[in-house]
Amino acid sequence: MKKFLTVLLSALLVAASLPLAAFAQTASEETPVITGDYVQGEVIVCMDSGSTALRSRSALPELLAGAEQLMTLSDSAGDADNAQLRSRSAASADTQVLALVKDESRSTEALIAELESYPQVVFAEPNYITTNFETTATETYPDLSDLQWANSDQSSKNNPFGNPQGFNIGVPDWNVPSASAESDNPVVAILDTGVDLTNPDLKDKLWTRPAGSGLPGGDHGINVSGEGSQENVVDTNGHGTHCAGIVGAAWNNMGVSGAGEKIEIMAIQSNNAISSKIQGFDYVKQACQEGVNVKAVNLSWGGPGQSKALDRAIEETGKAGAIALVASGNSGWDNDISNSMASGFSNNPYAVVVNSANPTGTMSTFSDYGKRTTDIVAPGSQILSTVPMDQSVYYPEKDKAPVWYDNFEDGQAPAISFFYDAACTEAAKVTKISGDKVYEGSKSLSIDIEDAESGNVVLYSQPMDLSEKASAIENKAISIKVAAAGQKVGACALLVKNTGGEFEKVKISGGSALDGTWMNYSAALPKDTDYKNFQMKVLFAFRDITFLPDSSNPSVTPNSGTVYADAMGIGDASKMLPFDYKNGTSMATPAAAGAAAPLRRQYKNRL
C-alpha cells in the first residue's frame, strides 16, 4: 500500500531523484538508547490491556495504575507484513493501549528501566518533545497565486522564483474553481498549533463536526494541548495555519490557493510532547470510526529520538483510514544514518516521509533526506500561505496606491539611495542596481557585505518627503524583500527616524532568508515616524550555513557576500494581508498531504 501511494505521489509531486552527493554516506549501525529532547519524569508505555490484571487497576503496579490512557490499539498481532513492529506480546491477540506514566521524583531512565521490567509492558520510551519544522486585514484581498510556485508552472510569469519550467506539483486545473458540489469531501487533519478560523481563505474550508456526533472537542476539531478548553483550536502561533493553507486554502481568486480544491481542514491543536500528538491521533481514529472522511494527517514536526508509540499511533490511525504525511526534518541530516524521529517510520505502511525542494529544482539546503527512510520530495522553500489575521504583512507590490514604492526599475520616483552615515555625506559604494537576482521586474539593489568577521553592513537611506501621501493614512506599514546570493542566508534589521530625530527600532516579521530565497520583512511603522524627512537605518546581514551530523541546529556563521533588496515600500497598514512566506519541510509536508487526500479517495481500494 505504501509503495503504491509513494509511486502515485512521486508522479504528481516533484521527482525525488535530486542531485545529492551526500547519499553516498555510509550507514552506522550504532543507535543511542535515548537521544533527543523529552519531558523529564514522563514515559509513554505500550501495555497489553487484555489480561485479567489490567482489567482491574488495583491489580496493577502503582506506576501503571496511575497511567493516563492516550490511545487504544486494535489487534496487537497487526498485519503479517509488520511483525517487526511488535514487541514481547506479539503473539497476543488482545488489545493494547498507549499510556502516559508520570513520576517527577525519578529520572526518565530509571522510570523506563522499572516499567520495562513489568510483564504487562510491551515497551517504554521517553515522552519526546517535537519541534515544528519551520525555518520561519481588509474585506477584499488581491490574488497572490502568482507568487505560489509550488502547485503549477509559474516560470513564464513575473515572479521571484526563477524555477525551471515544469518543476512543481502540477495540480490538474489548479486554482480553476469547479462548479461541482460534493457531499463527501476528503478531510485532512492538521495536527499542529491549531488553525486561525477567521482567515478569509480558510474560514469556508473547515471541516465541521456532524450533528449528533459523539466526538469530543469543538465544531472544527479538538484541542489536546492541555491549555484552554478542548473546543478552542484557535492558532496563536501561526505554524498550523500556514500548513492548513498549503493543504486547502480556498480557490476563490483572492489571497492564496491550496493544493486541493475540495479538501476540508480538521484542526487539532497539540503541544510539543509526543503524548499530546498521540491524543490527536486517537481523535482522528475516532472520527474515522464515526464515518468522517479523514484521508490524511499532516505532521509538520519532529526531532531527534525515534518513538515506537508514535509509530503505533500512526499505524492504528492508518488502519482506520487516514495515512500520515511526515516532515523529514530541517537539520540537513541523512536520515538513513541518523536518529531522526522521521527515520523510525520506514517500515510503517501508513507513513509517507517528505523532503523539501526549492524553486531552483534542487533539494532545500536544510532538508533531511534518505534513500531508505524518506519517500518523496515536495516544494518547501519560499512557500506563500495563510497566517493568523494578527500576523498580517504588507505587500507594496500589490498595493495600487502606496505611499512610496521602489522596485529599482527605471523611472521610479522618489528613488532611494543609501549612505554610510546618517548625515548622508558618504555614498555607500557597496550598493548597485543589479539584475543578478530579482523579486519583481528585472532589477534589484545589490549590497556587497565586505566585513567577513561581522557579516553585516549598516546603511542609511537618503531622507525623503513622504508627508503628503502619508498624511492621508492613519496607520502605515513597511515592507522590504531580502535574499542572499546562491543558497546562503540573508537577513535585515530596520530602524526609522522618529519626529524626535532618533532612530527607532521596528519590529519586523520574517525570519532569515534561507536557501537563497526571498523573505518579506514587514511591519507596522511607529506612530511618531517622521514622514517629512523619512529615513531608514538598515542592517543587512550575510551568513554561511552548515548542517552538522551531530546536531539538529545548523552552524550559522558571518561571512562576506552579497545580499539583495527589492520591492521596498510603505503604505496603508489596513492593507496588510494574512499571507506570508515560510521555509521548511513543514511546508513540503502539507503540499504532499494536499495531493495525497484526493489520491486516497480515487484509489480507495488500493490505498
Side-chain angles (χ1 to χ4, degrees), residues 137-144 146-147 196 198-201 238 254-256 384 386-409 411-418 422 424 439-441 444-445 459-482 492-510 518-538 565-581:
T138 58
E139 293 183 359
T140 60
Y141 299 87
D143 187 353
L144 303 179
D146 60 324
L147 299 178
D196 185 345
T198 63
N199 185 288
D201 266 346
M254 71 174 191
V256 297
L384 185 65
T386 48
V387 296
M389 298 296 286
D390 61 1
Q391 296 179 20
S392 296
V393 296
Y394 179 56
Y395 292 87
E397 66 272 26
K398 296 295 183 179
D399 189 347
K400 295 180 179 179
V403 172
W404 161 72
Y405 183 61
D406 195 344
N407 61 357
F408 303 99
E409 305 298 313
Q412 294 288 341
I416 195 168
S417 55
F418 285 95
C424 299
Y439 178 87
E440 183 186 53
S444 67
L445 182 69
L459 302 177
Y460 297 83
S461 67
Q462 186 172 25
M464 298 181 289
D465 185 356
L466 306 178
S467 58
E468 183 177 353
K469 288 185 177 180
S471 63
I473 301 171
E474 181 177 1
N475 298 306
K476 273 75 69 176
I478 191 168
S479 171
I480 302 174
K481 311 300 188 300
V482 174
C492 82
L494 175 66
L495 297 89
V496 296
K497 185 174 286 187
N498 59 31
T499 52
E502 301 293 330
F503 282 100
E504 184 174 343
K505 188 173 182 179
V506 176
K507 187 178 181 181
I508 51 179
S509 66
W518 292 91
M519 181 60 67
N520 183 12
Y521 291 91
S522 174
L525 287 168
K527 290 283 190 181
D528 62 345
T529 299
D530 184 358
Y531 293 101
K532 181 67 177 176
N533 300 283
F534 180 79
Q535 187 176 24
M536 297 184 293
K537 178 181 179 181
V538 189
D566 203 357
M568 297 182 178
I570 295 172
D572 191 340
S574 69
K575 296 180 180 179
M576 296 176 78
L577 307 175
F579 313 100
D580 202 2
Y581 292 105

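Index from 1, following the sequence.
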| Considering all heavy atoms of both residues, which atom of Pro578 and which atom of Pro388 are nearest to each other, and what is their separation? | CB-O, 4.3 Å
| task | To the nearest 0.5 Å, tell me how far Ile478 CD1 sits from Leu525 CG. | result | 5.0 Å
| side chain to side chain contact (heavy atoms under 4.5 Å, CB included) against Ser461, all qualifying residues, sequence neighbours excluded | Ile416, Phe418, Gln535, Met536
| query | Taking the side chain as C-beta and beyond, is there a heavy-atom pair between Tyr395 and Leu384 under 4.5 Å? | reply | yes
| task | Answer yes or no: is there a side-chain heavy-atom contact under 4.5 Å between Leu577 and Pro142? | result | yes
| message | Does any part of the side chain of Pro200, heavy atoms only, come nearer than 4.5 Å to the side chain of Met389, both counted from C-beta? | response | yes
| request: State, with a plain yes or no, whether a side-chain heavy atom of Ser479 is found less than 4.5 Å away from one of Val393. | output: no
| query | When rounded to the nearest 0.5 angstrom, what distance separates NZ in Lys537 from NZ in Lys497? | reply | 11.0 Å
| remark: Quick note, salt bridge (charged side-chain N to carboxylate O under 4.0 Å, His left out) partners involving residues 391-405, not counting sequence neighbours, are Asp146-Lys398, Glu397-Lys481, Asp399-Lys575
| message | Can you list everything that forms a side chain to side chain contact (heavy atoms under 4.5 Å, CB included) with Thr499? Sequence neighbours excluded, please. | response | Asp528, Asp530
| query | Can you name the residues that form a side-chain hydrogen bond (donor to acceptor under 3.5 Å, both in side chains) with Ser467, not counting sequence neighbours? | reply | Asp465
| query | Rounded to the nearest 0.5 Å, how far does OG of Ser417 lie from CD of Gln462? | reply | 4.0 Å
| field | Euclidean distance, Ile570 CD1 relative to Leu466 CG, rounded to 0.5 Å | value | 5.5 Å
| task | Please report the closest heavy-atom contact between Val506 and Ala524, naming both atoms and the distance. | result | CG1-O, 4.1 Å
| request: Can you measure from CG (Asp406) to CH2 (Trp404) and round to the nearest 0.5 angstrom? | output: 6.0 Å
| field | Gap separating the CG atom of Asn407 from the CE atom of Met568, nearest 0.5 angstrom | value | 11.0 Å
| task | Applying side chain to side chain contact (heavy atoms under 4.5 Å, CB included), name anything that partners Ala470, two or more places apart in sequence or on another chain. | result | Val403, Lys476, Tyr531
| field | Test item: side-chain donor near acceptor, Lys527 and Asn475, under 3.5 Å | value | yes
| query | Which residues satisfy the ring pair (Phe, Tyr, Trp, His ring centres under 6.0 Å) test with Tyr460, sequence neighbours excluded? | reply | Phe503
| said: Listing request: all salt bridge (charged side-chain N to carboxylate O under 4.0 Å, His left out) pairs with a residue in residues 498-507, at least two apart in sequence or in separate chains. | reply: none
| If we only count heavy atoms from C-beta on, is the Val387 to Asp196 side-chain gap below 4.5 Å? | no
| field | Asp143: partners by side-chain hydrogen bond (donor to acceptor under 3.5 Å, both in side chains), with sequence neighbours left out | value | Ser145
| For Asn199, all residues meeting side-chain hydrogen bond (donor to acceptor under 3.5 Å, both in side chains), sequence neighbours excluded | none
| Ser509 and Asn520: side chain donor to acceptor below 3.5 Å | no
| Minimum heavy-atom distance between Cys492 and Ile508, given as atom pair plus value | O-CD1, 3.5 Å
| field | Side-chain heavy-atom pair Leu147, Trp518 within 4.5 angstrom cut-off | value | no
| message | Checking Asn533 now: which residues fulfil side-chain hydrogen bond (donor to acceptor under 3.5 Å, both in side chains) with it, not counting sequence neighbours? | response | none
| Under a 4.5 Å cut-off applied to non-hydrogen side-chain atoms, are Phe579 and Asp201 in contact? | yes
| message | Suppose we screen for side chain to side chain contact (heavy atoms under 4.5 Å, CB included). Which residues come up paired with Ala477, at least two apart in sequence or across chains? | response | Tyr394, Ala573, Met576
